[in-house]
Amino acid sequence: MSVVTGYIPTAEGEAALDRAIEEAQRLNTVLVVINSSRGDAYVDNRFIQPDDAASLEERLQQAKVEHILQQPVRGHDAADEVVEAAGKHRADLIVIGLRRRTPVGKLIMGSTAQQILLEAQCPVLAVKAAYS
């Protein structure tokens, strides 16, 4: 069993990671962190670089949570990667971060969160970043 979270280096990604750490600690289970890229652009600001990945690993170790950091680059959408990881790791819970989008923005661009909510076979906890 596990907790799976999708992570990108944004306020929403940090909120999801923080809550996923709490849930993994509460459930005393492994935390699977997915930071993926489709690999179709020279620069993907959502995909963390090796130095940032090392900092993330250190953060997870300091939280004393057993974890797996995966960074797939297979041409799949982030939602597909998260849902696939949840199935592979028999997730008890998926934690995702939400960002504010207009209804038209959701219609035109789709929604990773919506796809995860619709396709996940386990509970999904959606969190919002705290803004001041």
Side-chain angles (χ1 to χ4, degrees):
M1 302 311 234
S2 66
V3 171
V4 173
T5 189
Y7 175 77
I8 57 175
T10 63
E12 297 82 9
E14 293 296 328
L17 181 62
D18 288 344
R19 186 57 185 266
I21 290 169
E22 289 175 21
E23 292 297 323
Q25 289 170 332
R26 183 179 68 79
L27 296 170
N28 193 29
T29 193
V30 66
L31 172 60
V32 180
V33 180
I34 305 297
N35 173 246
S36 67
S37 176
R38 291 178 70 172
D40 59 354
Y42 288 116
V43 177
D44 184 348
N45 293 330
R46 297 165 297 186
F47 192 71
I48 58 176
Q49 298 305 306
D51 288 346
D52 295 323
S55 295
L56 179 55
E57 285 278 356
E58 183 177 320
R59 179 176 171 188
L60 294 167
Q61 288 172 357
Q62 288 177 354
K64 293 183 171 58
V65 63
E66 183 181 349
H67 64 278
I68 300 167
L69 172 59
Q70 296 181 335
Q71 291 190 279
V73 181
R74 304 183 302 176
H76 298 168
D77 290 329
D80 293 331
E81 295 290 359
V82 169
V83 170
E84 182 179 315
K88 177 182 176 184
H89 295 280
R90 297 178 22 225
D92 297 299
L93 179 69
I94 297 173
V95 181
I96 58 173
L98 295 180
R99 64 186 170 107
R100 181 163 168 67
R101 294 181 61 184
T102 66
V104 172
K106 290 177 196 167
L107 176 66
I108 294 171
M109 300 300 287
S111 169
T112 299
Q114 181 179 8
Q115 185 178 345
I116 292 169
L117 287 166
L118 293 173
E119 294 179 9
Q121 300 297 310
C122 65
V124 178
L125 175 60
V127 297
K128 291 171 36 173
Y131 293 100
S132 28

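For reference, positions follow the sequence shown, starting with 1.
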Indicate the atoms forming the closest heavy-atom contact of [X] with [Y], along with that distance.
X    : Y    : answer
I94  : A120 : CD1-CB, 3.7 Å
S2   : H89  : OG-O, 2.9 Å
F47  : P72  : CE1-O, 4.3 Å
A78  : S36  : CA-OG, 3.6 Å
A129 : E12  : CB-N, 3.9 Å
A113 : L98  : CB-CD2, 3.5 Å

When rounded to the nearest 0.5 angstrom, what is the spacing between [atom1] in [X] and [atom2] in [Y]?
X   : Y   : atom1 : atom2 : value
T29 : M1  : OG1   : CE    : 8.0 Å
S37 : N45 : OG    : CG    : 10.0 Å
L93 : L27 : CG    : CG    : 7.0 Å

Donor-acceptor side-chain pairing of H67 and Q61 below 3.5 angstrom: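 There is no such pair between these side chains.
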Listed partners of D44 passing salt bridge (charged side-chain N to carboxylate O under 4.0 Å, His left out), at least two apart: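 D44 satisfies salt bridge (charged side-chain N to carboxylate O under 4.0 Å, His left out) with R46 only.
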Residues forming a side-chain hydrogen bond (donor to acceptor under 3.5 Å, both in side chains) with E14, sequence neighbours excluded: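 Y7, R59.
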Residue from I68, L17, I21, V65 passing side-chain contact (heavy atoms from CB on, under 4.5 Å) with V33: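 With V33 as partner, I68, L17, I21, V65 yield a single side-chain contact (heavy atoms from CB on, under 4.5 Å), made by L17.
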Identified side-chain contact (heavy atoms from CB on, under 4.5 Å) partner of V82 from the options V4, T5, V32: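 So, applying the side-chain contact (heavy atoms from CB on, under 4.5 Å) to V82 and each of V4, T5, V32, only V4 qualifies.
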Residues, nucleotides or ligands: over 12 heavy atoms within 6.0 Å of E66 CD: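 No, the 6.0 Å shell around CD holds no more than 12 heavy atoms from other groups.
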Residue D51 excluded, over 12 heavy atoms near CG under 6.0 Å: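 No.
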Student check: side-chain heavy atoms of E81 and R74 closer than 4.5 Å: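 Yes, their side chains come closer than 4.5 Å.
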Q25 and L31, any side-chain heavy atoms less than 4.5 Å apart: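 No, side chains not in contact.
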Do [X] and [Y] belong to the same hydrophobic cluster, where Ile, Leu, Val, Met, Phe, Trp and Tyr are linked whenever their side-chain heavy atoms lie under 4.5 Å apart, directly or via other members?
X    : Y    : answer
L125 : I116 : no
V95  : V30  : no
I34  : V127 : no
L69  : I96  : no

Full working for salt bridge (charged side-chain N to carboxylate O under 4.0 Å, His left out) between R19 and E23: CA-CA 6 Å; R19 186 57 185 266; E23 292 297 323; 3.1 Å; yes
